[in-house]
Amino acid sequence: MLIGAHVSTAGGLVEAHQRGVERGCDAIQVFNQSPRMWRPTRWKPDDVAEFLALMKRGPIESVTIHAVYLINPATKDREMRRKSADSLIHALRMGDEIGADGVVVHPGSTVGEPQDEARSRVGEMVRHALGESDTCRLLLENTAGAGNTIGRTFEELRELIDLAGGGKRIGVCLDSCHMFATGFDITTADKLTEVVDRFAATVGIRRLKSLHVNDSLTPLGSNRDRHAVPGEGKIGARGCGAFLSEPRFEKLPALFEGPGANGHAPEKVDVDAMKALRKKGLAARKRRR
C-alpha cells in the first residue's frame, strides 16, 4: 500500500514533492488549482519536467489530483455546467501532464432536482471531460450522504459509471470517513471485509484506484463529512488499521487529507501514525489466520 497525504502545491510541483518526501509519503495528492476558485492555473513547464524526473527517482510512487470542490457534474444550470466541465477538463489535462494516477471528483448534488435526471447529467459530463483529455483516469469519490449529494451508495456509483459509458478510464476513490458517515460499519476487519465484498460485487474491485484514509469525528450514519486523524475518531484505531491492511487495497495510494494532529495540513507524524496502524492491522490479520 502506498501511504501518503494531501500536500500543498504552494511554490510549485517540485515543492509539493519535497513536502511529500519530508512527510515520509509513498504517495501524494494535490490540488491543481485553488480548490474553492474557478480560476485555472498552470504549472510551469520547467516545474513539470523536474517533478517528473523526481517521480522517476522516488521515493514517491504516485500522485493524484483532487478536482476543485465547486464542480457539480449533476447541475442543470447552464453556466455552472460550463464552469464545471471546463474545470474538470483542465484537471484531467494537468493529470495527463504530470502522469497522475487519477483526478478525484465528487459526483455532485441534485440541488433538489430528480435523481435520475441528475445522475444522467453526471454521466454526460464525465463522458465529455474524458473525451477532451488523453489518458488520465477520472475517479468518482463516494460521498458522506449530506443533503442531495450523489454517490453515497455503491449502487449509485455503479450507475454513474454505466451512464458515463463504462470506459477503462473511469474509476472510484473510496473515502473511509464518507463510507462510515453513510452507514457502512468498517470498525473491524470482518465488517470491512463484508463492505469490500459488496463493493466488489456491485462496482467491481478493478474500478478501485485510490483511497482516502480519514477517520470520522461523527458517529456511524451521521451523513456528515467531518475528518479526524486516522485512529482518533469514531472509526478508531482498529478500524483504520483494518482499512490500511485490507488485502484488496494493496498497491493503491492511501491518502490522509487532514486536518492532521496539529489541526492543519497533514505532517510526518500523521503519515507515521498511518504506517503504525497498518502494521498493527497486518499483525491482527495474521493472528486471525
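Just the heavy atoms: all of them, side chains too, but no hydrogens, waters or symmetry mates, feed the values below.
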For residues [X] and [Y], report the shortest heavy-atom separation together with the two atoms involved.
X	Y	answer
T149	R152	O-NH2, 2.9 Å
L277	C240	CD1-CB, 4.0 Å
L88	A67	CD1-CB, 4.4 Å
D96	S133	OD2-CB, 3.7 Å
M179	L174	SD-CB, 4.2 Å
A91	V103	O-CG2, 3.5 Å

Report the C-alpha distance between F31 and Y69 in whole Å, list the side-chain angles of each, state the deciding distance to 0.1 Å, and finish with yes or no for ring pair (Phe, Tyr, Trp, His ring centres under 6.0 Å).
-> CA-CA 10 Å; F31 289 123; Y69 297 132; 5.6 Å; yes
Non-hydrogen side-chain atoms of [X] and [Y] separated by less than 4.5 Å:
X	Y	answer
V196	L192	yes
E246	M1	no
V68	R36	no
P230	D270	no
I89	H128	yes
T182	T143	no

Shared hydrophobic cluster, [X] / [Y] (ILVMFWY, side-chain heavy atoms < 4.5 Å):
X	Y	result
I65	V48	yes
L157	V104	no
V7	L52	yes
M55	V271	yes
I161	L138	yes

Do [X] and [Y] meet the criterion of a side-chain donor-acceptor pair at a distance under 3.5 Å?
X	Y	value
S245	R278	no
T110	R119	no
T188	D190	no
S62	D101	yes
Q29	H212	yes
E141	H106	yes

NZ/NE/NH1/NH2 to OD/OE distance under 4.0 Å, [X] and [Y]:
X	Y	value
K76	E117	no
E113	R121	no
E155	R198	yes
R23	E267	yes

- Task: Establish, yes or no, whether a centroid distance under 6.0 Å links the rings of F256 and H227.
- Result: no
Interatomic distance, [X] atom [atom1] to [Y] atom [atom2] [nearest 0.5 angstrom]:
X	Y	atom1	atom2	result
D225	N223	CG	CG	10.5 Å
L252	L211	CG	CG	5.0 Å
R19	I60	CZ	CD1	11.5 Å

Check: [Y] main-chain N/O paired with [X] side-chain donor or acceptor under 3.5 Å:
X	Y	answer
R285	A242	yes
D26	G4	no
S84	N72	yes
R207	R158	no
K251	R248	no

- Message: Before you tell me yes or no, could you show the steps for F199 and F184 under ring pair (Phe, Tyr, Trp, His ring centres under 6.0 Å), namely the whole-Å CA-CA distance, both residues' side-chain angles and the distance that decides it to 0.1 Å?
- Response: CA-CA 11 Å; F199 177 86; F184 292 105; 9.5 Å; no
Review point. Can R82 and E79 be said to form a salt bridge (Lys or Arg N to Asp or Glu O under 4.0 Å), step by step?
Key: CA-CA 5 Å; R82 182 188 66 79; E79 180 65 10; 2.6 Å; yes
